[in-house]
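Here the structure is laid out as C-alpha coordinates; the discussion comes afterwards.
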There are 2 protein chains.
Amino acid sequence: MTHPLRKHIEEIISLTDEEFDFVLSHFEHIKKRKHQYLIQEGEIVNKEYWVIQGCLKSYFIDDNGKEHILQFGMENWWITDYESFVKQVKSKTSIDCIEDCELLYITFENREKLTAKMHKMERFWAKKSKIGRIALQNRILSLLKNSTKEQYEQLLEQYPKLFQRVPKKMIASYLGVSRETLSRLNP
Amino acid sequence: MTHPLRKHIEEIISLTDEEFDFVLSHFEHIKKRKHQYLIQEGEIVNKEYWVIQGCLKSYFIDDNGKEHILQFGMENWWITDYESFVKQVKSKTSIDCIEDCELLYITFENREKLTAKMHKMERFWAKKSKIGRIALQNRILSLLKNSTKEQYEQLLEQYPKLFQRVPKKMIASYLGVSRETLSRLNP
DNA sequence: TCTTTAAAGTGATGTAAATCACATGGGGTA
DNA sequence: TACCCCATGTGATTTACATCACTTTAAAGA
(Lines give C-alpha, C1' and ligand atoms only; values in the text may rest on other atoms or scores of the structure.)
Protein backbone atom coordinates (compact mmCIF):
# COMPACT_ATOMS: atom_id res chain seq x y z
CA MET A 1 0.00 0.00 0.00
CA THR A 2 1.23 3.45 -0.89
CA HIS A 3 2.26 5.62 2.03
CA PRO A 4 -0.39 8.30 2.66
CA LEU A 5 2.22 11.06 2.61
CA ARG A 6 3.45 9.87 -0.76
CA LYS A 7 -0.08 9.95 -2.11
CA HIS A 8 -0.41 13.45 -0.73
CA ILE A 9 2.83 14.76 -2.25
CA GLU A 10 2.13 13.08 -5.57
CA GLU A 11 -1.00 15.17 -5.94
CA ILE A 12 1.43 17.96 -6.82
CA ILE A 13 4.74 16.42 -7.96
CA SER A 14 5.68 12.85 -8.88
CA LEU A 15 8.30 10.84 -7.04
CA THR A 16 10.28 7.64 -7.59
CA ASP A 17 10.41 5.07 -4.78
CA GLU A 18 13.93 6.23 -3.91
CA GLU A 19 12.93 9.86 -3.89
CA PHE A 20 10.02 9.22 -1.56
CA ASP A 21 12.22 7.21 0.82
CA PHE A 22 14.65 10.10 0.81
CA VAL A 23 11.85 12.57 1.57
CA LEU A 24 10.47 10.37 4.34
CA SER A 25 13.90 10.02 5.96
CA HIS A 26 13.66 13.71 6.83
CA PHE A 27 10.50 13.19 8.87
CA GLU A 28 9.92 11.85 12.36
CA HIS A 29 6.90 9.89 13.50
CA ILE A 30 5.08 10.66 16.77
CA LYS A 31 1.91 9.81 18.62
CA LYS A 32 0.00 12.10 20.96
CA ARG A 33 -3.02 11.51 23.19
CA LYS A 34 -6.20 13.56 23.30
CA HIS A 35 -5.68 16.83 25.23
CA GLN A 36 -1.92 16.80 24.71
CA TYR A 37 -0.36 19.72 22.90
CA LEU A 38 1.98 20.10 19.94
CA ILE A 39 2.68 23.82 20.22
CA GLN A 40 2.25 26.31 23.02
CA GLU A 41 1.84 30.04 22.54
CA GLY A 42 5.12 31.87 23.05
CA GLU A 43 7.49 29.15 21.92
CA ILE A 44 9.49 29.32 18.70
CA VAL A 45 8.19 26.58 16.47
CA ASN A 46 10.67 24.63 14.41
CA LYS A 47 8.47 21.77 13.27
CA GLU A 48 5.81 21.44 10.66
CA TYR A 49 3.32 18.61 11.28
CA TRP A 50 1.44 16.39 8.91
CA VAL A 51 -1.58 14.52 10.27
CA ILE A 52 -1.67 10.78 9.59
CA GLN A 53 -4.58 10.15 11.95
CA GLY A 54 -6.55 12.26 14.39
CA CYS A 55 -7.92 15.74 14.84
CA LEU A 56 -6.31 18.91 16.19
CA LYS A 57 -7.08 22.58 16.74
CA SER A 58 -4.91 25.65 16.35
CA TYR A 59 -6.12 28.47 18.60
CA PHE A 60 -5.31 31.41 20.83
CA ILE A 61 -6.77 32.80 24.02
CA ASP A 62 -7.87 36.45 23.97
CA ASP A 63 -7.63 39.04 26.75
CA ASN A 64 -10.99 37.92 28.16
CA GLY A 65 -9.84 34.31 28.36
CA LYS A 66 -11.93 33.28 25.41
CA GLU A 67 -10.58 30.68 22.99
CA HIS A 68 -10.55 31.42 19.26
CA ILE A 69 -9.92 28.55 16.87
CA LEU A 70 -8.07 29.48 13.69
CA GLN A 71 -7.82 26.11 12.06
CA PHE A 72 -8.67 22.46 12.51
CA GLY A 73 -6.26 19.74 11.41
CA MET A 74 -7.31 16.30 10.23
CA GLU A 75 -5.93 13.43 8.14
CA ASN A 76 -3.64 14.62 5.31
CA TRP A 77 -3.51 18.21 6.56
CA TRP A 78 -0.43 20.19 7.48
CA ILE A 79 -0.51 22.10 10.72
CA THR A 80 1.90 24.39 12.56
CA ASP A 81 2.18 28.03 13.54
CA TYR A 82 3.23 29.17 10.11
CA GLU A 83 4.49 32.62 11.13
CA SER A 84 6.62 31.22 13.92
CA PHE A 85 7.95 28.42 11.71
CA VAL A 86 8.85 30.68 8.77
CA LYS A 87 10.12 33.76 10.62
CA GLN A 88 11.41 32.00 13.73
CA VAL A 89 9.51 34.31 16.05
CA LYS A 90 7.33 33.48 19.06
CA SER A 91 4.16 31.62 18.22
CA LYS A 92 0.89 33.53 18.68
CA THR A 93 -1.06 30.29 18.67
CA SER A 94 -1.23 26.92 20.39
CA ILE A 95 -2.05 23.55 18.90
CA ASP A 96 -3.81 20.79 20.88
CA CYS A 97 -5.00 17.31 20.03
CA ILE A 98 -8.78 16.92 20.05
CA GLU A 99 -8.40 13.17 19.51
CA ASP A 100 -5.53 10.72 19.88
CA CYS A 101 -3.19 11.63 17.04
CA GLU A 102 -0.55 10.08 14.86
CA LEU A 103 1.69 12.58 13.12
CA LEU A 104 4.76 13.06 10.99
CA TYR A 105 6.87 16.14 11.45
CA ILE A 106 9.76 17.79 9.68
CA THR A 107 12.05 20.27 11.37
CA PHE A 108 12.99 23.63 9.91
CA GLU A 109 16.56 22.39 9.37
CA ASN A 110 15.49 19.18 7.69
CA ARG A 111 13.17 21.04 5.42
CA GLU A 112 16.03 23.32 4.38
CA LYS A 113 18.26 20.28 3.77
CA LEU A 114 15.60 18.47 1.83
CA THR A 115 14.68 21.38 -0.43
CA ALA A 116 18.36 22.13 -1.06
CA LYS A 117 18.98 18.59 -2.28
CA MET A 118 15.65 18.13 -3.98
CA HIS A 119 14.36 21.09 -5.86
CA LYS A 120 11.07 19.34 -6.57
CA MET A 121 10.15 19.58 -2.91
CA GLU A 122 10.68 23.33 -2.98
CA ARG A 123 8.10 23.42 -5.76
CA PHE A 124 5.80 21.25 -3.66
CA TRP A 125 5.97 23.60 -0.68
CA ALA A 126 5.73 26.71 -2.84
CA LYS A 127 2.52 25.31 -4.29
CA LYS A 128 1.24 24.46 -0.82
CA SER A 129 2.00 28.00 0.30
CA LYS A 130 0.04 29.42 -2.62
CA ILE A 131 -2.91 27.15 -1.90
CA GLY A 132 -2.79 28.08 1.78
CA ARG A 133 -2.78 31.76 0.95
CA ILE A 134 -5.75 31.39 -1.36
CA ALA A 135 -7.67 29.49 1.32
CA LEU A 136 -7.03 32.27 3.84
CA GLN A 137 -8.07 34.91 1.32
CA ASN A 138 -11.30 33.05 0.76
CA ARG A 139 -11.92 32.76 4.48
CA ILE A 140 -11.61 36.52 4.89
CA LEU A 141 -13.89 37.00 1.91
CA SER A 142 -16.41 34.69 3.54
CA LEU A 143 -16.11 36.41 6.93
CA LEU A 144 -16.94 39.75 5.28
CA LYS A 145 -19.56 38.45 2.88
CA ASN A 146 -21.65 35.85 4.66
CA SER A 147 -23.90 35.86 7.69
CA THR A 148 -23.09 33.57 10.60
CA LYS A 149 -25.77 31.15 9.46
CA GLU A 150 -24.39 31.04 5.92
CA GLN A 151 -20.90 30.40 7.19
CA TYR A 152 -22.13 27.64 9.40
CA GLU A 153 -23.95 26.00 6.51
CA GLN A 154 -20.95 26.28 4.22
CA LEU A 155 -18.70 24.70 6.81
CA LEU A 156 -21.20 21.90 7.34
CA GLU A 157 -21.33 21.30 3.62
CA GLN A 158 -17.57 21.46 3.12
CA TYR A 159 -16.48 19.39 6.13
CA PRO A 160 -19.42 17.26 7.27
CA LYS A 161 -17.05 14.89 9.08
CA LEU A 162 -15.88 17.69 11.34
CA PHE A 163 -19.31 17.87 12.97
CA GLN A 164 -19.12 14.25 14.05
CA ARG A 165 -15.67 14.70 15.51
CA VAL A 166 -15.52 17.98 17.39
CA PRO A 167 -17.87 19.54 19.98
CA LYS A 168 -20.11 22.31 18.70
CA LYS A 169 -18.56 24.88 20.99
CA MET A 170 -15.38 24.48 18.95
CA ILE A 171 -17.26 25.02 15.71
CA ALA A 172 -18.69 28.17 17.31
CA SER A 173 -15.22 29.28 18.31
CA TYR A 174 -13.96 28.71 14.76
CA LEU A 175 -16.86 30.72 13.32
CA GLY A 176 -16.32 33.51 15.83
CA VAL A 177 -19.72 33.28 17.52
CA SER A 178 -20.85 32.16 20.95
CA ARG A 179 -21.86 28.59 21.71
CA GLU A 180 -25.43 29.76 22.39
CA THR A 181 -25.76 31.58 19.08
CA LEU A 182 -24.54 28.57 17.17
CA SER A 183 -27.00 26.37 19.01
CA ARG A 184 -29.85 28.69 18.05
CA LEU A 185 -29.20 28.77 14.32
CA ASN A 186 -29.81 25.06 13.79
CA PRO A 187 -32.57 23.94 11.29
CA MET B 1 18.84 56.88 -8.66
CA THR B 2 18.00 53.25 -8.04
CA HIS B 3 14.76 52.03 -9.58
CA PRO B 4 12.12 51.61 -6.85
CA LEU B 5 11.36 48.07 -7.97
CA ARG B 6 15.03 47.17 -7.67
CA LYS B 7 15.11 48.57 -4.17
CA HIS B 8 12.01 46.50 -3.41
CA ILE B 9 13.39 43.24 -4.79
CA GLU B 10 16.76 43.77 -3.14
CA GLU B 11 15.09 43.72 0.26
CA ILE B 12 14.94 39.97 -0.31
CA ILE B 13 17.56 38.98 -2.90
CA SER B 14 20.48 40.90 -4.39
CA LEU B 15 20.80 41.67 -8.10
CA THR B 16 23.49 42.89 -10.48
CA ASP B 17 22.68 45.74 -12.87
CA GLU B 18 22.34 43.26 -15.70
CA GLU B 19 20.08 41.00 -13.68
CA PHE B 20 17.78 43.85 -12.74
CA ASP B 21 17.55 45.01 -16.36
CA PHE B 22 16.65 41.47 -17.30
CA VAL B 23 13.97 41.36 -14.64
CA LEU B 24 12.57 44.74 -15.66
CA SER B 25 12.40 43.72 -19.31
CA HIS B 26 9.65 41.27 -18.31
CA PHE B 27 7.43 44.07 -16.99
CA GLU B 28 5.24 46.61 -18.73
CA HIS B 29 4.58 50.14 -17.55
CA ILE B 30 1.08 51.65 -17.47
CA LYS B 31 -0.80 54.64 -16.15
CA LYS B 32 -4.42 54.70 -15.03
CA ARG B 33 -6.69 57.55 -13.95
CA LYS B 34 -8.73 57.69 -10.77
CA HIS B 35 -11.92 55.57 -11.03
CA GLN B 36 -10.47 53.38 -13.78
CA TYR B 37 -10.17 49.68 -13.11
CA LEU B 38 -7.39 47.13 -13.37
CA ILE B 39 -9.45 43.99 -12.82
CA GLN B 40 -13.15 43.27 -13.03
CA GLU B 41 -14.91 40.46 -11.21
CA GLY B 42 -15.41 37.46 -13.47
CA GLU B 43 -12.39 37.88 -15.73
CA ILE B 44 -9.40 35.58 -15.65
CA VAL B 45 -6.48 37.61 -14.42
CA ASN B 46 -3.11 37.08 -16.02
CA LYS B 47 -1.25 40.08 -14.67
CA GLU B 48 0.30 40.87 -11.36
CA TYR B 49 0.66 44.60 -10.65
CA TRP B 50 3.26 46.52 -8.69
CA VAL B 51 2.37 50.05 -7.61
CA ILE B 52 4.91 52.75 -8.47
CA GLN B 53 2.60 55.60 -7.52
CA GLY B 54 -1.03 55.87 -6.47
CA CYS B 55 -3.64 54.08 -4.42
CA LEU B 56 -6.01 51.23 -5.31
CA LYS B 57 -8.63 49.02 -3.72
CA SER B 58 -9.41 45.34 -4.21
CA TYR B 59 -13.05 44.60 -3.41
CA PHE B 60 -16.20 42.67 -4.18
CA ILE B 61 -19.90 43.49 -4.14
CA ASP B 62 -22.14 41.28 -2.01
CA ASP B 63 -25.70 40.11 -2.71
CA ASN B 64 -27.12 43.27 -1.11
CA GLY B 65 -25.02 45.48 -3.36
CA LYS B 66 -22.65 46.41 -0.57
CA GLU B 67 -18.96 46.83 -1.32
CA HIS B 68 -16.38 44.98 0.78
CA ILE B 69 -12.75 46.02 0.51
CA LEU B 70 -10.22 43.22 0.94
CA GLN B 71 -7.00 45.10 0.41
CA PHE B 72 -5.63 48.52 -0.38
CA GLY B 73 -2.62 48.95 -2.66
CA MET B 74 -0.12 51.76 -2.41
CA GLU B 75 3.47 52.50 -3.43
CA ASN B 76 5.70 49.39 -3.46
CA TRP B 77 2.81 47.00 -2.96
CA TRP B 78 1.83 44.14 -5.21
CA ILE B 79 -1.80 43.80 -6.13
CA THR B 80 -3.85 41.36 -8.18
CA ASP B 81 -6.55 38.75 -7.67
CA TYR B 82 -4.16 36.13 -6.41
CA GLU B 83 -6.49 33.15 -6.76
CA SER B 84 -7.39 34.02 -10.33
CA PHE B 85 -3.75 34.69 -11.22
CA VAL B 86 -2.41 31.47 -9.70
CA LYS B 87 -5.20 29.06 -10.60
CA GLN B 88 -6.38 30.78 -13.79
CA VAL B 89 -9.99 30.81 -12.66
CA LYS B 90 -12.53 33.65 -12.69
CA SER B 91 -11.71 36.51 -10.37
CA LYS B 92 -13.98 36.96 -7.35
CA THR B 93 -12.76 40.51 -6.87
CA SER B 94 -12.34 43.77 -8.75
CA ILE B 95 -9.53 46.29 -8.48
CA ASP B 96 -10.09 50.04 -9.00
CA CYS B 97 -7.84 53.08 -8.81
CA ILE B 98 -8.66 55.42 -5.92
CA GLU B 99 -6.10 57.92 -7.24
CA ASP B 100 -4.30 58.37 -10.56
CA CYS B 101 -1.89 55.45 -10.69
CA GLU B 102 1.39 54.47 -12.24
CA LEU B 103 2.03 50.75 -12.30
CA LEU B 104 4.28 47.99 -13.51
CA TYR B 105 2.81 44.64 -14.38
CA ILE B 106 4.12 41.21 -15.25
CA THR B 107 2.04 38.65 -17.09
CA PHE B 108 1.65 35.07 -15.98
CA GLU B 109 3.72 33.91 -18.97
CA ASN B 110 6.51 36.39 -18.37
CA ARG B 111 6.69 35.43 -14.75
CA GLU B 112 7.05 31.78 -15.74
CA LYS B 113 9.78 32.69 -18.23
CA LEU B 114 11.58 34.87 -15.75
CA THR B 115 11.58 32.36 -12.91
CA ALA B 116 12.64 29.58 -15.28
CA LYS B 117 15.70 31.56 -16.34
CA MET B 118 16.43 33.14 -13.00
CA HIS B 119 15.95 30.90 -10.02
CA LYS B 120 16.58 33.80 -7.63
CA MET B 121 13.29 35.36 -8.65
CA GLU B 122 11.47 32.17 -7.78
CA ARG B 123 12.93 32.53 -4.31
CA PHE B 124 11.80 36.15 -4.27
CA TRP B 125 8.22 35.27 -5.08
CA ALA B 126 8.17 32.27 -2.78
CA LYS B 127 9.22 34.58 0.04
CA LYS B 128 6.57 37.13 -0.96
CA SER B 129 3.97 34.37 -0.95
CA LYS B 130 4.97 33.35 2.57
CA ILE B 131 4.83 36.92 3.80
CA GLY B 132 1.44 37.40 2.18
CA ARG B 133 0.10 34.29 3.82
CA ILE B 134 1.33 35.38 7.23
CA ALA B 135 -0.30 38.80 6.78
CA LEU B 136 -3.62 37.15 5.95
CA GLN B 137 -3.32 34.83 8.93
CA ASN B 138 -2.76 37.82 11.16
CA ARG B 139 -5.74 39.63 9.70
CA ILE B 140 -8.00 36.70 10.53
CA LEU B 141 -6.49 36.58 14.00
CA SER B 142 -7.22 40.26 14.41
CA LEU B 143 -10.78 39.91 13.07
CA LEU B 144 -11.47 37.24 15.68
CA LYS B 145 -9.57 38.86 18.53
CA ASN B 146 -10.16 42.59 18.41
CA SER B 147 -13.19 44.83 18.69
CA THR B 148 -14.04 47.14 15.81
CA LYS B 149 -12.54 50.06 17.70
CA GLU B 150 -9.30 48.21 18.34
CA GLN B 151 -9.01 47.23 14.71
CA TYR B 152 -9.59 50.79 13.65
CA GLU B 153 -6.89 52.04 15.99
CA GLN B 154 -4.42 49.39 14.85
CA LEU B 155 -5.01 50.29 11.22
CA LEU B 156 -4.59 53.98 12.01
CA GLU B 157 -1.33 53.22 13.78
CA GLN B 158 -0.02 50.90 11.09
CA TYR B 159 -0.97 52.93 8.02
CA PRO B 160 -1.54 56.55 9.06
CA LYS B 161 -1.03 57.70 5.45
CA LEU B 162 -4.05 55.69 4.34
CA PHE B 163 -6.36 57.98 6.32
CA GLN B 164 -5.21 61.03 4.40
CA ARG B 165 -5.68 59.31 1.08
CA VAL B 166 -8.90 57.32 1.13
CA PRO B 167 -12.44 58.28 2.23
CA LYS B 168 -13.52 56.94 5.59
CA LYS B 169 -16.35 54.94 4.08
CA MET B 170 -13.66 52.79 2.43
CA ILE B 171 -11.88 52.31 5.75
CA ALA B 172 -15.25 51.23 7.14
CA SER B 173 -15.72 48.82 4.25
CA TYR B 174 -12.26 47.36 4.85
CA LEU B 175 -12.99 46.91 8.55
CA GLY B 176 -16.38 45.36 7.80
CA VAL B 177 -18.51 47.97 9.59
CA SER B 178 -20.92 50.62 8.39
CA ARG B 179 -19.82 54.17 7.61
CA GLU B 180 -21.96 55.45 10.51
CA THR B 181 -20.43 53.08 13.05
CA LEU B 182 -16.92 54.06 12.01
CA SER B 183 -17.83 57.70 12.32
CA ARG B 184 -19.11 57.15 15.84
CA LEU B 185 -16.01 55.45 17.20
CA ASN B 186 -13.73 58.46 16.69
CA PRO B 187 -11.88 60.00 19.71
C1' DT C 1 -18.37 80.59 -11.58
C1' DC C 2 -22.34 77.95 -10.43
C1' DT C 3 -24.20 73.41 -9.98
C1' DT C 4 -24.12 68.88 -8.65
C1' DT C 5 -22.31 65.08 -6.29
C1' DA C 6 -19.81 62.90 -2.67
C1' DA C 7 -18.23 62.76 2.23
C1' DA C 8 -18.94 62.83 6.94
C1' DG C 9 -21.33 63.59 11.30
C1' DT C 10 -25.42 62.68 14.22
C1' DG C 11 -30.12 61.30 16.06
C1' DA C 12 -33.77 57.62 16.31
C1' DT C 13 -34.96 53.01 15.90
C1' DG C 14 -34.50 48.02 14.91
C1' DT C 15 -31.95 43.69 15.13
C1' DA C 16 -28.51 40.04 15.61
C1' DA C 17 -25.66 38.32 18.74
C1' DA C 18 -23.35 38.41 23.51
C1' DT C 19 -24.07 37.48 28.03
C1' DC C 20 -26.15 35.49 32.11
C1' DA C 21 -28.83 31.93 33.95
C1' DC C 22 -30.68 27.50 34.32
C1' DA C 23 -32.17 22.75 32.80
C1' DT C 24 -31.31 18.29 30.60
C1' DG C 25 -28.86 14.30 29.18
C1' DG C 26 -24.76 11.45 27.93
C1' DG C 27 -19.92 9.72 28.86
C1' DG C 28 -16.30 8.79 31.45
C1' DT C 29 -14.49 7.48 35.79
C1' DA C 30 -14.10 6.06 40.76
C1' DT D 1 -23.76 1.64 40.21
C1' DA D 2 -23.45 6.27 41.32
C1' DC D 3 -21.15 10.38 40.59
C1' DC D 4 -19.64 14.37 38.21
C1' DC D 5 -18.23 16.77 34.35
C1' DC D 6 -19.10 18.28 29.90
C1' DA D 7 -21.89 19.27 25.98
C1' DT D 8 -25.98 21.17 24.51
C1' DG D 9 -30.34 23.59 24.37
C1' DT D 10 -33.26 27.45 25.72
C1' DG D 11 -35.19 31.70 28.10
C1' DA D 12 -34.33 36.68 29.61
C1' DT D 13 -31.67 40.66 29.31
C1' DT D 14 -28.10 43.68 27.50
C1' DT D 15 -25.26 45.54 23.94
C1' DA D 16 -23.01 46.65 19.72
C1' DC D 17 -23.92 47.59 15.38
C1' DA D 18 -27.01 48.22 11.14
C1' DT D 19 -30.27 50.86 9.09
C1' DC D 20 -32.95 54.92 8.02
C1' DA D 21 -33.24 59.78 7.98
C1' DC D 22 -31.54 64.30 7.83
C1' DT D 23 -27.84 68.05 7.93
C1' DT D 24 -23.51 70.27 6.94
C1' DT D 25 -19.50 70.73 4.39
C1' DA D 26 -16.23 69.86 0.82
C1' DA D 27 -14.99 68.60 -3.69
C1' DA D 28 -15.59 67.59 -8.47
C1' DG D 29 -17.61 68.81 -13.05
C1' DA D 30 -19.79 71.58 -16.51
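Here is the naming used below: chain letters follow the sequence lines, and residue numbers restart at 1 for every chain. Keep in mind that the numbers below use all heavy atoms, side chains included, and drop hydrogens, waters and symmetry copies.
- In this structure, B/Glu99 pairs ionically with B/Arg165, as a charged nitrogen and a carboxylate oxygen lie closer than 4.0 Å.
- A cation-pi contact links B/Lys57 to B/Tyr59, judged by a cut-off of 6.0 Å to the six-membered ring centre and 45° from its axis.
- Ring geometry, A/Phe72 versus A/Tyr174: the interplanar angle falls from 30° to 60°, so the pair is classed tilted.
- When the C1' atoms of four end pairs are superposed on the next four at each end of the helix from C/dT1-D/dA30 to C/dA30-D/dT1, using five pairs per end, the two resulting axes differ in direction by 50°, to 10°.
- Classified by interplanar angle (parallel below 30°, tilted 30° to 60°, perpendicular above 60°), the ring pair B/His3/B/Phe20 is tilted.
- Relative ring orientation between B/His8 and B/Phe124 is described as perpendicular, the plane-to-plane angle rising above 60° on a 0-90° scale split at 30° and 60°.
- Regarding B/Glu67, its CD atom lies at a distance of 16 Å from the P atom of D/dA18, rounded to whole Å.
- Applying ring-ring contact (aromatic ring centres under 6.0 Å, His included) to B/Phe85 and the options B/Tyr49, B/Tyr105, B/Phe108 leaves one that passes, B/Phe108.
- Taking atom CG of residue A/Leu143 and atom P of nucleotide C/dA17, one finds them 13 Å apart after rounding to whole Å.
- In this structure, B/Ile98 places its CD1 atom 16 Å from P of C/dA6, rounding to the nearest Å.
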Check nucleotides 12-16 of chain D for protein N or O atoms closer than 3.5 Å to its own N or O atoms and list the pairs.
{"unit_1": "D/dA12", "atom_1": "N6", "unit_2": "A/Arg184", "atom_2": "NH2", "d": "3.4"}

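- Regarding contacts with the backbone of C/dG28, every side-chain N or O of A/Lys34 stays at 4.0 angstrom or more from both OP1 and OP2.
- We find that NZ of B/Lys66 is positioned 7 Å from P of D/dA18, with the value rounded to whole Å.
- Between A/His35 atom NE2 and C/dG27 atom C1' there is a gap of 12 Å when expressed in whole angstrom units.
- Side-chain N/O atoms of B/Thr181 include none lying less than 4.0 angstrom from OP1 or OP2 on D/dC17.
- For the pair A/Asp17 and A/Arg6, the salt-bridge criterion is met [side-chain N within less than 4.0 Å of a carboxylate O].
- Residue B/Leu144 contributes atom CG, which lies 15 Å from atom C1' of C/dA17 at whole-angstrom precision.
- Under the 4.5 Å side-chain heavy-atom criterion for Ile, Leu, Val, Met, Phe, Trp and Tyr, A/Val177 and A/Ile69 are members of the same hydrophobic cluster.
- Checked by atom type, the side-chain pair B/Asn138/A/Glu83 shows a donor-acceptor distance below 3.5 Å.
- Atom pair B/Leu185:CG and D/dC17:P shows a separation of 7 Å (rounding to whole Å applied).
- Between B/Trp77 and B/Tyr159, the two ring planes are perpendicular [angle over 60°; tilted spans 30° to 60°].
- Rounded to an integer number of Å, the gap from CG of B/Asn64 to P of C/dA16 is 13 Å.
- Residues from residues 157-180 of chain B placing a heavy atom under 4.0 Å of any atom in DNA chain C, listed by number, are B/Pro167, B/Lys168, B/Lys169, B/Arg179, B/Glu180.
- If you take NZ on B/Lys66 and OG on B/Ser178, they are separated by 7.5 Å, rounding to the nearest 0.5 Å.
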